[in-house]
Amino acid sequence: MDIRKQQKQAILKMLALNEDDETSAEAPIDWKVLILDEPCRELLAPLVSVNELRARGVTLHAPIESPRDALGDVAAVYLCRPSAANAAIIARDAAQALYGALHCNWSRRAERKVLEGFARELAAAPPREGLPAAEDLVRSVWDRHVDFVALEPRLFHLRLQRRLKEVCGAGLAAPERVLEEVAEEVAAGLFCACAAVGAAAPVVRARPGGCAARAAAKLHARLHDEWRRRGGAARPLVVLLDRADDLAAPLRHAETYQALVDDVLDHRGGRATFVDNDASRTVDLRVDEDAFYAQHAARSFPDVIDASADALAQLRARENALRARGGGEADGLAETVGELPRLLERKKRLELHTAVLGAVMKQVVAREVPRYAEAEEPRAAAADVEGLLGDGAKGTVDDKLRLLGVAGLQGGLDDDAFAALAAAAGCAEGPDRARLARGVAAIGEARKLAAAAPAPVAEAADDEGLASVLAKAQAGAKTVAAAAASKVGSLLSRASALQAVRAVGNLFEARPGTEHDTWLELDAKVGPAAYATDAAPPKLPAAETPLDAIVFHVGAGSYLEHHALQRAFAEGPRTVCYGAADLADPTAFLEEIMELGA
């Protein structure tokens, strides 16, 4: 289940004007322009490079809403959402014969009223002397089902940012109209994700009563309609989770490399910006383009430092050996010429990771991130939590608020105990103190939302890799990052108790007395009408439970949960693709929490 690969193949097929994507130096290039709306620009940015676009004949890419010059001798490929406004722009371009041919590609399934309006606009275009009719210039219209941002083979989001307050609403009761809009957007995006991976007949699961259940019902209706028309056998679970059921997870201080990059650096869409030698530096960090990152993004930070230092030492030793024999026999020279450039490229990439690790470590040390991570454990002593919340502790005001949020939102803390922790929170005079006070009040509001969520049910069996303690301290000082690591000590892996991991494990195993019994089960092969009666179809037995799953948070997602799910189901036949309305770093999600108290 590689959602990024499938989405990219769909985009490249679109650029090849629906032919199989084949590029070679000998093949003639059909030059074209690419016209995008803003959502499609964002989904394309991490997926296809400028060089890849150029290799497929794209000489220019432009926003659909901007004025554009006429290029009557080239084709235009449009990729945009199916809205009346976008359809009107494309019809206007056709009426003006702006391009020699127009290929319209909707990023998601176009509703009938949009298509009918598009046809009326084309038919109403006045004829122009010497130019083809507008409808004749529109050579193709396609639903591409690519309306999501695929960052990794098993990670995507829908660009639905800052939706927590919308879903919860004033007084923690969202207006019906808002819930319907959010559910419709989630269903449309998730349908595209299912279509991309070929999930023809999924089984949709969600807790009854929340926004996820609304989205699940809308998604199920779309999936059943598609299955009736096309059939198909691919049958994963699609698990929709309400963010409001676990508000603590996105606030946690993580210990994995990628999650720490997302936490302490400026990181968005696989691109990180940090200060290196007093200068700003931006680097691309993508697991499908970087072998080291693919192997180590989800590993604990101290282990990654060790691996980076060891790999760099091995490359340097190999480089020295090749240079030493470069002037020897002809065979040795040929080997050097062939291998040295590849080796230097790998060395350059590892040195980049050394710089990133160093930037992360500076923040980890300055903010004492491992102490916060340990204090967020349910077994942490109250005195340790209060000590970090106090005025004299290291860490930013947001670190303190995140710790208080995790303690107050993960359950097990009554109102008096939370009030005592809140009273212990302090910082220096100034803007931070005002932010702290506002954050404490917002977390109090969020506790009301958390209290309304259902109590956790029986847990899935713990994964040994998730429950183990990573007692890893760096002893050497081969690089700046490794030297800094010696100041930090160990970090804990604590993801096994996350709601997402527990729920998916119970659903996979069809465990009685858990979410398997209480959550909605909507089979794409069964129509919505069958679930509208009291005699709903029986749930699938354990023997028929799908082996793959798309797990989706209706709300902000996090790298911590993505890594926890991948690690929990790394062994055995199961695969999990993780998605969310948006991927929010912990500080961004804290802002969403604080909006609840506004």
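For the single chain, residues carry numbers from 1 onward in sequence order. Scope of the values below: all heavy atoms of this structure, side chains included, with no hydrogens, waters or symmetry mates.
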Taking atom types as modelled, is there a side-chain donor on Tyr78 or Asp93 under 3.5 Å from an acceptor on the other? yes
Any carboxylate oxygen within less than 4.0 angstrom of a Lys/Arg side-chain nitrogen, looking at Asp290 and Lys348? no
In Val33, Thr59, Leu60, the residue satisfying side-chain contact (heavy atoms from CB on, under 4.5 Å) with Val74 is Val33
Does the side chain of Glu152 come within less than 4.5 Å of Asp288's, by heavy atoms? no
Flag for His563-Thr256: side-chain donor and acceptor within less than 3.5 Å: yes
Are Arg159 and Asp147 within salt-bridge range, i.e. N to O under 4.0 Å? no
Contact between Asp548 and Val197 at the side-chain level, heavy atoms closer than 4.5 Å - yes or no? no
Between Glu42 and Arg81, does at least one N-O distance fall below 4.0 Å, as a salt bridge requires? no
What's the verdict on side chain to side chain contact (heavy atoms under 4.5 Å, CB included) for Leu34 and Leu44, showing C-alpha distance, side-chain angles and the deciding distance? CA-CA 11 Å; Leu34 179 61; Leu44 211 64; 3.7 Å; yes
Less than 4.5 Å apart, side chain to side chain, heavy atoms only: is that true for Leu12 and Leu15? yes
Out of curiosity, Gln363 CD to Asp263 CG, how far, rounded to the nearest 0.5 Å? 9.5 Å
Take atom CZ in Arg228; do more than 12 heavy atoms of anything else shown fall under 6.0 Å from it? no
Does a side-chain heavy-atom distance below 4.5 Å link Asp242 with Cys211? yes
Given the rule in the side chain to side chain contact (heavy atoms under 4.5 Å, CB included) test, do Ile90 and Ile64 qualify, once you have shown the distances and angles that lead to the verdict? CA-CA 8 Å; Ile90 298 171; Ile64 192 171; 4.1 Å; yes
Measure from NZ or CZ of Arg349 to the centre of the six-membered ring of Phe292, then state whether that distance is under 6.0 Å and the direction lies within 45° of the axis. no
How many angstroms lie between CD1 in Ile550 and CZ in Phe156, if you round to the nearest 0.5 Å? 6.0 Å
So, do His145 and Arg109 sit near enough that their side-chain heavy atoms are less than 4.5 Å apart? yes
Applying side chain to side chain contact (heavy atoms under 4.5 Å, CB included), name anything that partners Ala119, two or more places apart in sequence or on another chain. none
Are Phe569 and Thr575 close enough that some pair of their side-chain heavy atoms sits under 4.5 Å apart? no
Does the pair Asn18 and Ser140 meet the rule for a side chain to side chain contact (heavy atoms under 4.5 Å, CB included), with working shown? CA-CA 9 Å; Asn18 221 48; Ser140 62; over 6 Å; no
Which of these passes salt bridge (charged side-chain N to carboxylate O under 4.0 Å, His left out) with Arg214: Glu181, Glu184, Glu180, Glu185? Glu180
So, the side chain of Arg574 versus the backbone of Pro546: is there a donor-acceptor pair under 3.5 Å, distance only? yes
Over 12 non-hydrogen atoms of neighbours within 6.0 angstrom of CZ in Arg112: no
Under 4.5 Å between any side-chain heavy atoms of Val48 and Arg56, yes or no? no
Does some side-chain heavy atom of Phe301 sit less than 4.5 Å from a side-chain heavy atom of Met361? yes
Count the heavy atoms of every other residue, nucleotide or ligand shown that sit under 6.0 Å from CZ of Arg346, and state whether that count exceeds 12. no
Tell me every residue that passes side chain to side chain contact (heavy atoms under 4.5 Å, CB included) with Ala188, counting only those two or more places apart in sequence or in another chain. Arg108, Arg222
Between atom CG of Asp262 and atom CZ of Arg268, what is the distance when rounded to the nearest 0.5 Å? 9.0 Å
Are there over 12 heavy-atom neighbours, none belonging to Arg92, within less than 6.0 Å of that residue's CZ? yes
Given Tyr257, Tyr559, Phe274, the one that forms ring pair (Phe, Tyr, Trp, His ring centres under 6.0 Å) with His267: Tyr559
